[in-house]
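Indexing begins at 1, ligand by ligand and atom by atom, following the structure's order.
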Amino acid sequence: MIHSLRFLRLFSLAALLGAPFAAQAGSELNLFGWSEYIPQTVIDGFSRQTGIKVNFETYSSNEEMISKLVAGGGRYDLVQPSDYAAEAMIRQKLLQPLDAAKLPNLKNLSAEFTQLPHDPTGRFTVPYMSGTVGIVVNTEKVKTAVTSYRDVFQPRFKDRIVVLNDNREIISWALHVLGLPINTINAPALAKVRPVLAEWVKLVKVFDSDSPKTALLNGDVDIGLVWSGEAAILWNQNKKFHYLIPTEGAHQFNDVLAIPTVAQNPAAAHQFINYILRPEVSKLISAAFPYTNPNAAARRLLSAEELANPASYPPGGKLETFRDIGRAAADIDRLVTDLKSAK
Ligand code: N2P
């Protein structure tokens, strides 16, 4: 009797502290996420709270994630696709419907990010972070105004340029310059894109989707086209790094969390998603990787300085989003790979 009372007291103390409880011990979560996007401290916090061990693997493009997921047969419990990739995965039945009852913190999200075309009712995906891809300029090195993709890809910047190593992104820049839609990928559009990109690829020094900020920080390059969160980190480090949305146009990416159909531990995956949606956790993610935070409750916790970062929260209206382009994704990959190897 005395024994069980003491146990009860211990249990309630543990619950109070949010300490792990035995029921979850031994449980594991295989998380597959973008590189430079989920802070290790957040993953560790989740493990401390739940007792669930997280095996974390990273990727640097949606296409890499999908091919490893398909090849891995049940290796991943939770993935982090971008909007258009999630849309393709839903179509291919690679994702399972979420159990909203297990995600009470969904209430923290801003409606602006929960009713997007890739998953209009939020049945399969939960917003993680959003952002843009734009121009970063080291204004100590580049003294002329740079406002467009055309301004970036000039022969005078040869070998001074870093760009994302992301074929869908790269193609979209040429489409914007040509005034073509970014979601209509067909043979005539790609035929127009090819000569433009062939010239651009020759000028690029570094292709890097993981940490494009590094080449700019090192001074290896002076200008680039990078994820907005990378640009926001540069701005935080040194105000000489300016970020802007190219005048020809850009898109907003909306990255989400989603549970593969073949996941072995969907219960842990739901717990992780719900943990990420806590305002104080989401705030930590913004501090480490300052993308556009879709969590309204978390945004209220951000500092004025964080909210004023022009890369995290760029001025201007709503941008379009990438959509699932089906089989044309393979044509894009072929074209960009081709041009890079001809470089
Ligand atoms: C983080 C990648 C940003 C997201 N390294 C691309 N959609």
Side-chain angles (χ1 to χ4, degrees), residues 31-43 56-69 78-89 95 113 116-119 125-136 162-173 182-183 206-217 224-237 241 243 245-246 250-258 276 282 284-295 309 311-314 319-325 329 332-333 336:
L31 169 63
F32 200 24
W34 284 89
S35 57
E36 301 287 306
Y37 217 18
I38 309 178
Q40 190 59 45
T41 49
V42 164
I43 293 172
F56 183 36
E57 244 182 81
T58 61
Y59 53 85
S60 50
S61 76
N62 285 295
E63 294 68 28
E64 178 190 347
M65 180 271 289
I66 293 176
S67 66
K68 288 193 177 153
L69 172 69
L78 189 57
V79 293
Q80 194 179 33
S82 300
D83 37 24
Y84 74 95
E87 188 178 8
M89 293 169 86
L95 299 180
F113 296 91
L116 294 170
H118 62 274
D119 182 20
T125 65
V126 171
Y128 178 76
M129 286 285 162
S130 291
T132 51
V133 172
I135 301 170
V136 166
V162 57
V163 301
L164 299 176
N165 195 16
D166 188 297
N167 297 344
R168 180 85 194 258
E169 297 290 349
I170 292 174
I171 291 275
S172 75
W173 309 332
I182 55 174
N183 287 312
V206 182
F207 288 91
D208 183 0
S209 287
D210 294 311
S211 184
K213 62 182 170 303
T214 302
L216 285 145
L217 281 170
L225 281 159
V226 306
W227 312 119
S228 55
E230 290 278 307
I233 294 172
L234 287 167
W235 170 260
N236 286 339
Q237 301 220 355
F241 293 112
Y243 182 72
I245 305 289
H251 71 108
Q252 173 173 287
F253 59 77
N254 300 288
D255 297 331
V256 301
L257 292 168
I276 289 290
S282 183
L284 292 177
I285 300 173
S286 274
F289 300 112
Y291 286 87
T292 308
N293 195 322
N295 187 315
N309 190 314
S312 310
Y313 301 97
L319 298 169
E320 58 189 321
T321 57
F322 280 171
R323 301 298 304 271
D324 172 20
I325 50 167
I332 285 183
D333 283 341
V336 179

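Near Ser82, the atoms of ligand 1 lying under 4.0 angstrom from a non-hydrogen atom of the residue are 7 (N). Of all atoms in ligand 1, listed by their number and element, those nearer than 4.0 Å to a heavy atom of Asp255 are 4 (C), 6 (C), 7 (N). Here is the list of ligand 1 atoms found below 4.0 Å of a heavy atom in Ser35: 1 (C), 5 (N). Listed by number with element, the atoms of ligand 1 under 4.0 angstrom from any heavy atom of Glu36 are 1 (C), 5 (N).
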- Task: Just do the side-chain contact (heavy atoms from CB on, under 4.5 Å) check on Tyr84 and Asn183 with the steps written out, would you?
- Result: CA-CA 10 Å; Tyr84 74 95; Asn183 287 312; over 6 Å; no

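Given atom 2 (C) of ligand 1, the protein heavy atom at minimum distance is Trp34 CE3, 3.6 Å.
Between Glu36 and Lys213 there is a salt bridge, with a side-chain nitrogen of the basic residue lying less than 4.0 Å from a carboxylate oxygen of the acidic one.
No option in Val256, Ile285, Asn295 other than Ile285 meets the side chain to side chain contact (heavy atoms under 4.5 Å, CB included) test with Tyr128.
Phe253 and His251 have tilted rings, their planes meeting at an angle from 30° to 60° on a 0 to 90° scale. Tyr59 and Phe32 have perpendicular rings, their planes meeting at more than 60° on a 0 to 90° scale where under 30° would count as parallel.
The proximity of Tyr291 to ligand 1, defined as any non-hydrogen pair under 4.0 Å, is limited to the side chain.
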